[in-house]
Amino acid sequence: MKLYNQLTKKIENFEPKNPNEVKVYTCGPTVYSYPHIGNYAAYIYWDFLTRALEFNGYKIKRVINLTDVGHLVSDADEGEDKLEKGAKREHKTVWEIADFYIKDFLENYHALNLLEPHKFARATGYIKEEEELVDALTEKGCTYEIPDGVYYDTSKFPTYADFARLDLENLKAGARVDFSSDKRNVSDFAVWKFVKPGEDHTMQWQYLDKPGYPGWHLECSAIIHKELGETIDIHTGGVDHIPIHHTNEIAQSEAAYGKKLSYFWMHCDFITIDGQKISKSLGNVYDLKDLAERGFSPMDYKIWVLQGHYRGDRNFTFADLAAAKTRHLNWRNRIAASYQKRISDNKEAMDKITAAVSDDLNSAAAFAIIDNSKLSTSDWARIDQLFGLNLINDSPDINDEVKQLISDREEARKNKDYAKSDEIRDKLVKLNITIKDTPDGSIWQYLN
Ligand code: AMP
Ligand code: ZN
């Protein structure tokens with residue numbers, strides 16, 4: 001497979017260390033509010049990465065984290081903890097907020113038919129490992145303590161700017177004058193925050209003789225080390241993670257353990273809606289429920305996501321989602337037709353589909369091949385597994401009652417009893433089935 005790698009800024013040949021255990025880590029959600037469709041697009045792309053790797057014969061060990069502490073409103077270690085903010089908004093405890101939004105996230109995750117990872121890792125389950133990581137960094141001389149917390153001194157990591165091609169001089173010049181003035185460098189970041197006197201921070205742990213909590217970036221480094229080991233094969237996230245979060249994960253892990261953190265780093269681009277950023281003020285923060293209210297299923301949305309490229313500009317409109325829904329129905333009906341007409345396997349098309357998805361996950365090209373090829377039921381089963389679309393589960397073969405109705409209708413038509421044939425057609429419509437009379441006989445199709 002060929003994949004784009006942010007580490008080298010090139011498309012590269014992907015060769016895992018061990019094909020029987022390809023280690024993949026995905027930065028997951030901060031569980032303090034309902035994720036929007038843009039967030040779910042990220043999880044759809046990385047689910048497809050996993051499926052494409054499996055399609056190519058690899059076995060995957062994948063971990064996704066759930067951030068339930070330490071992610072502050074601003075990425076610059078300032079402002080409120082997002083979980084505390086959620087708790088105040090909803091008059092609940094932070095633990096209730098975390099549990100509630102984890103449950104909601106997992107429900108949607110399953111509704112989208114995304115593969116279960118080896119583990120969903122909650123940040124608060126790794127506090128000991130996070131403290132050990134801070135200890136290791138401190139032992140190596142990479143941290144310093146200020147009243148606000150323990151900070152990573154990024155000047156101690158010579159390649160800090162490389163991953164995101166950061167211009168540190170410009171960053172310094174552009175920094176607000178009053179930025180946490182005790183920091184030594186503008187790019188330094190908190191690995192551990194101290195609870196300030198009088199600060200209302202429910203989640204806190206006694207470490208370094210004071211109550212405190214981990215910095216956001218720390219959890220991913222600690223979880224990866226514990227669950228997957230020192231070096232993984234692929235690390236994924238959104239483009240927003242490149243300049244801060246992933247840059248900081250690399251600095252922490254590589255300084256503490258002296259090993260490369262990940263061979264490949266992949267990032268998906270952001271989705272816009274009607275040409276605009278997804279934002280509360282624009283009222284376009286749609287979630288899967290909003291789509292359902294307009295008659296679109298999670299699989300309709302998944303098809304919309306996968307008909308574009310993870311690194312491409314993606315602009316969501318309801319008109320395009322309607323086109324994806326039409327494609328979805330069309331594919332289910334082509335599966336229905338494939339077993340009625342006993343279409344034979346199409347190796348050439350399947351090879352082309354494999355080549356497309358192996359070319360930096362070009363699902364759009366694969367979809368075009370699917371649209372233009374005759375495919376057998378077993379080809380469709382493989383396609384269904386590759387994209388996780390539930391096409392076959394959602395399109396069961398018709399039951400005996402429907403089969404009987406279809407043959408009764410044919411009988412009535414032969415006898416020119418059109419009143420009866422129309423009556424049966426209406427019955428079938430109620431069962432979501434329509435009959436199409438084609439040159440090579442009539443076939444049944446789904447209405448929706
Ligand atoms: P968060 O819960 O805010 O940390 O975000 C969860 C994931 O969604 C991250 O991987 C982000 O990069 C990603 N993300 C956020 N907004 C968008 C968007 N508009 N389009 C695609 N991905 C997004
Ligand atoms: Zn992360």
Side-chain angles (χ1 to χ4, degrees), residues 25-44 46-47 62-75 79-130 193 195 199-205 211-220 222-223 227 237-238 240-241 245 271 273 278-281 283-294 296-299 301-302 305:
Y25 182 82
T26 296
C27 288
T30 303
V31 287
Y32 78 117
S33 65
Y34 294 113
H36 54 62
I37 57 172
N39 300 131
Y40 283 112
Y43 306 117
I44 291 170
W46 306 132
D47 181 72
R62 182 169 175 231
V63 173
I64 303 176
N65 67 309
L66 301 168
T67 300
D68 56 359
V69 65
H71 193 174
L72 304 192
V73 171
S74 142
D75 272 354
E80 222 174 339
D81 188 316
K82 289 185 177 182
L83 268 287
E84 302 282 342
K85 188 178 162 181
K88 282 190 197 122
R89 179 185 66 219
E90 297 179 26
H91 308 289
K92 289 182 182 166
T93 69
V94 275
W95 298 100
E96 285 166 345
I97 288 290
D99 287 346
F100 179 85
Y101 287 106
I102 286 174
K103 186 165 170 280
D104 172 75
F105 172 73
L106 294 179
E107 276 169 18
N108 287 315
Y109 192 91
H110 295 133
L112 284 163
N113 191 31
L114 303 178
L115 294 170
E116 201 67 23
H118 169 70
K119 195 164 231 171
F120 279 112
R122 272 178 83 148
T124 49
Y126 295 80
I127 298 298
K128 185 173 124 292
E129 288 76 11
E130 296 194 50
K193 294 274 282 189
V195 177
E199 186 191 358
D200 185 14
H201 201 285
T202 318
M203 286 191 186
Q204 48 173 268
W205 292 267
Y213 56 97
W216 172 42
H217 318 296
L218 198 65
E219 68 184 71
C220 294
I223 292 169
E227 301 296 346
D240 55 322
H241 291 151
H245 184 54
I271 279 170
I273 294 184
I278 303 181
S279 88
K280 270 206 189 104
S281 56
N284 63 2
V285 188
Y286 300 126
D287 59 24
L288 293 179
K289 270 189 251 91
D290 296 313
L291 302 193
E293 276 165 20
R294 289 168 163 82
F296 297 105
S297 71
M299 290 305 130
Y301 180 61
K302 197 173 188 179
V305 171

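The analysis underlying the following values was restricted to heavy atoms, covering all of them including side chains, and did not include hydrogens, waters or symmetry mates.
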Q. Any salt bridge between Lys119 and Glu227, counting N to O under 4.0 Å?
A. yes
Q.
Which heavy atom of Ile64 sits nearest to which heavy atom of Gly28, and what is that distance?
A. CG2-CA, 3.9 Å
**Q.** Residues Lys302, Leu114; criterion side chain to side chain contact (heavy atoms under 4.5 Å, CB included); working and verdict
**A.** CA-CA 10 Å; Lys302 197 173 188 179; Leu114 303 178; 4.0 Å; yes
**Q.** Rounded distance (nearest 0.5 Å) linking atom CG of Asp104 with atom CG of Asn108
**A.** 5.0 Å
**Q.** From NZ (Lys289) to CG (Leu291), nearest 0.5 Å
**A.** 11.0 Å
Q | Electrostatic pair Glu219-Arg122, nearest N-O below 4.0 angstrom | A | no
**Q.** Beyond-backbone contact of Val63 with Pro117, side-chain heavy atoms, under 4.5 angstrom
**A.** no
Q) Quick one: CG on Leu115 to CG on Asp47, what's the gap to the nearest 0.5 Å? A) 4.5 Å
Q: Give me the ring orientation class for Tyr40 and Phe105: parallel if the planes are under 30° apart, tilted from 30 to 60°, perpendicular past 60°.
A: parallel
Q | For the student: nearest non-hydrogen atoms of Thr93 and Ala87, plus distance | A | C-CB, 3.9 Å
(Q) Between the side chains of Lys103 and Glu107, is the shortest nitrogen-to-carboxylate-oxygen separation below 4.0 Å, so that they form an ion pair? (A) yes
Q: Find the distance between CD1 (Ile271) and CD1 (Ile44) and round it off to the nearest 0.5 Å.
A: 8.0 Å
Q. Out of Lys82, Lys85, Glu90, Arg89, which residue meets the side-chain contact (heavy atoms from CB on, under 4.5 Å) rule with Ser33?
A. Arg89
Q. Taking C-beta and beyond as the side chain, do Leu288 and Leu112 meet within less than 4.5 Å on heavy atoms?
A. yes
Q. To the nearest 0.5 Å, how far apart are OG1 in Thr30 and CG in Leu66?
A. 9.5 Å
Q) Can you find a heavy atom in the side chain of Cys27 that is under 4.5 Å from one in the side chain of Asn65? A) yes
Q.
I'd like to know if the side chain of His241 reaches the main chain of Gly237, judged simply by a donor and an acceptor atom lying under 3.5 Å from each other, with no hydrogens or angles considered.
A. no
**Q.** Within-4.5 Å side-chain heavy-atom neighbours: Pro214 and Ile127
**A.** yes
**Q.** Close side-chain approach of Phe296 to Tyr301, heavy-atom, < 4.5 Å
**A.** no
Q | Reference residue Phe120; test ring pair (Phe, Tyr, Trp, His ring centres under 6.0 Å); the match among Tyr43, Tyr25, Tyr109 | A | Tyr109
Q.
When you compare the side chain of Tyr213 with that of Met203, does any pair of heavy atoms fall below 4.5 Å?
A. no
Q: Fit a plane to each ring of Tyr101 and Tyr34, take the angle between them on a 0 to 90° scale, and name the class: parallel (under 30°), tilted (30 to 60°) or perpendicular (over 60°).
A: perpendicular
**Q.** Atom pair CG (Asp68) and OG1 (Thr124), whose distance is rounded to the nearest 0.5 Å
**A.** 3.5 Å
Q) Looking at side-chain heavy atoms only, is the closest gap between Asp200 and Lys88 below 4.5 Å? A) yes
Q) Shortest non-hydrogen contact from Cys220 to His245? A) SG-NE2, 3.5 Å
Q. Do the non-hydrogen side-chain atoms of Ile37 and Ile273 ever get within less than 4.5 Å of each other?
A. yes
Q. Taking only residues two or more places apart in sequence, or in another chain, which ones meet His36 in a ring pair (Phe, Tyr, Trp, His ring centres under 6.0 Å)?
A. none
Q) Do Asp81 and His201 have side-chain N/O donor and acceptor atoms under 3.5 Å apart? A) yes
